[in-house]
Amino acid sequence: MPASGLRPTHKKTLINHRFIPTIIVASVFGALATLSFGQVVKDGNGYRFHVGNDRAELTFYSCDSTNADAYKGALLVPQSITENGKTIPVKGVTSFACVYCSELNSVVLPEGIEHIGFGAFSDCPGLREVSLPSTLKQLEDWSFYRDESLERLSVPSSAYRIGACSFGFCTSLGELEVERGVRCIAPHAFYYCQALSEVTIPWTVDELGEYAFAYCSGLKQITMEDAPIAITEDV
């Protein structure tokens, strides 16, 4: 990561984003290996779900590197699945569900989805389009990290917090809409989004984490609606 313009005392606060996800992926895959799964074949993809407590969550296909081939093309997640004759609503996406899916190019998450887990769509270099539902409540850390082809994004008002590093290194992200209702933009959320030229921070946001828009070299205009806001160091 370039350090030009940083005072020496700030260098120690930067984290090495390139290696942390790999370590966590291995540990989480191992921990989730014993969960029960259901599967639905649709649109050429074999959608795999973790089922429990009358809800289903889209999850990874395998517990090793072959997850890279799990989901391809357009991901159109169904609103519900049927298991043992019972209709179960799809309410979330588990951690690392689509991590490293290099041939994934678009994602449509249906209304009813409330939760996108840690690193769920990280390192998907071909992912260009994402549609987030109005029911989304939790957008966890690293969720779309380093999706280098992602071009536009609208974060719905229902999402309380945009997680840390969630869109870091999305270097093609040129259009960003953060709807009124979002309260927190966490540290490093849009770190190194070099294609961003304009950003509007709605009045509902009351916290901007450190480095939230750092190294956005194309950023020319920031509009902040009238509201008290806590801006941490080096935003």
Side-chain angles (χ1 to χ4, degrees), residues 1-2 4-7 10 13-15 17 91-93 106-122 127-235:
M1 298 178 190
S4 59
L6 289 181
R7 298 191 300 274
H10 288 179
T13 66
L14 291 174
I15 56 177
H17 297 142
K91 291 291 188 179
V93 181
S106 67
V107 171
V108 177
L109 298 178
E111 294 297 306
I113 293 281
E114 299 175 345
H115 170 257
I116 297 176
F118 186 104
F121 296 96
S122 61
L127 184 58
R128 298 190 304 271
E129 299 179 22
V130 171
S131 177
L132 301 177
S134 64
T135 52
L136 183 65
K137 297 178 180 178
Q138 293 178 295
L139 184 61
E140 291 196 10
D141 300 350
W142 304 82
S143 48
F144 291 88
Y145 171 77
R146 205 160 54 193
D147 290 347
E148 298 169 348
S149 297
L150 185 63
E151 298 175 349
R152 60 187 61 87
L153 175 71
S154 178
V155 181
S157 60
S158 57
Y160 176 88
R161 175 180 181 268
I162 299 175
C165 304
S166 49
F167 297 94
F169 283 93
C170 290
T171 51
S172 297
L173 184 61
E175 298 180 27
L176 172 64
E177 179 187 14
V178 180
E179 294 185 0
R180 293 172 181 171
V182 175
R183 297 294 300 275
C184 173
I185 299 177
H188 298 82
F190 295 97
Y191 185 91
Y192 227 93
C193 290
Q194 296 173 313
L196 272 181
S197 60
E198 298 181 11
V199 171
T200 298
I201 309 295
W203 66 266
T204 55
V205 172
D206 55 23
E207 181 180 351
L208 280 174
E210 64 178 356
Y211 298 102
F213 291 95
Y215 297 111
C216 294
S217 57
L219 191 56
K220 298 177 181 179
Q221 179 174 315
I222 300 174
T223 301
M224 302 182 72
E225 296 180 345
D226 187 23
I229 187 170
I231 302 178
T232 59
E233 188 177 25
D234 297 315
V235 167

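Any value given below was found using the heavy atoms of this structure, including those in side chains, with hydrogens, waters and symmetry copies removed.
Proximity of a side-chain donor or acceptor of Thr135 to a complementary backbone N or O of Glu114 within less than 3.5 Å is not detected. At distances below 3.5 Å, not a single donor-acceptor pair connects side-chain atoms of Ser172 with backbone N or O atoms of Glu151. Here the side chain of Arg161 pairs no donor or acceptor atom with the backbone of Gln138 at under 3.5 angstrom.
Between Ser143 and Gly117, the shortest heavy-atom contact is CB-O, 3.9 Å. Shortest non-hydrogen contact noted between Thr171 and Glu148 is OG1-O, 3.7 Å. Nearest approach of Trp203 to Arg180, heavy atoms of both residues: NE1-CD, 3.6 Å. Here the closest non-hydrogen pair linking Ser134 and Pro156 is CA-CB, 4.1 Å. Across Glu179 and Ser154, no two heavy atoms sit closer than the pair OE2-OG, 3.7 Å. Contact record, Met224 with Leu208: CE-CD1, 4.2 Å, taken as the closest heavy-atom pair.
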- Intermediate values then yes/no, side-chain contact (heavy atoms from CB on, under 4.5 Å), Leu109 and Leu136: CA-CA 9 Å; Leu109 298 178; Leu136 183 65; 5.9 Å; no
- Between Ser149 and Leu127, does a side-chain contact (heavy atoms from CB on, under 4.5 Å) hold up when you go through it step by step? CA-CA 6 Å; Ser149 297; Leu127 184 58; 5.9 Å; no
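Separating the CD atom in Glu140 from the CZ atom in Phe118 is a distance of 8.5 Å, to the nearest 0.5 Å. With rounding to the nearest 0.5 Å, the separation of CG in Leu132 from CG in Leu153 is 6.0 Å. The OH atom of Tyr192 sits 6.0 Å away from atom CZ of Phe169, with the distance rounded to the nearest 0.5 Å. Once rounded to the nearest 0.5 Å, the distance linking CD1 of Ile201 with CD1 of Ile185 reads 4.0 Å. Taking OG of Ser122 as the reference point, atom CZ of Arg146 lies at 8.0 Å (rounded to 0.5 Å). Between atom OG of residue Ser131 and atom CD of residue Glu111 there is a gap of 8.0 Å, rounded to the nearest 0.5 Å.
Classification of the Tyr145-Trp142 ring pair by plane angle, with boundaries at 30° and 60°, yields perpendicular. Between Phe121 and Phe144, the ring planes lie parallel to each other; the angle is under 30°, not in the 30° to 60° tilted range.
Looking at residues two or more places apart in sequence or on another chain, you find a ring pair (Phe, Tyr, Trp, His ring centres under 6.0 Å) between Phe190 and Phe167, Phe213.
In summary, of the residues considered (Val182, Asp141, Val205), a side chain to side chain contact (heavy atoms under 4.5 Å, CB included) with Ile162 occurs for Val182 alone.
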Identify each donor-acceptor pair in which a side-chain atom of residues 193-200 lies under 3.5 Å from a protein atom, sequence neighbours left out, and give them as a table.
none

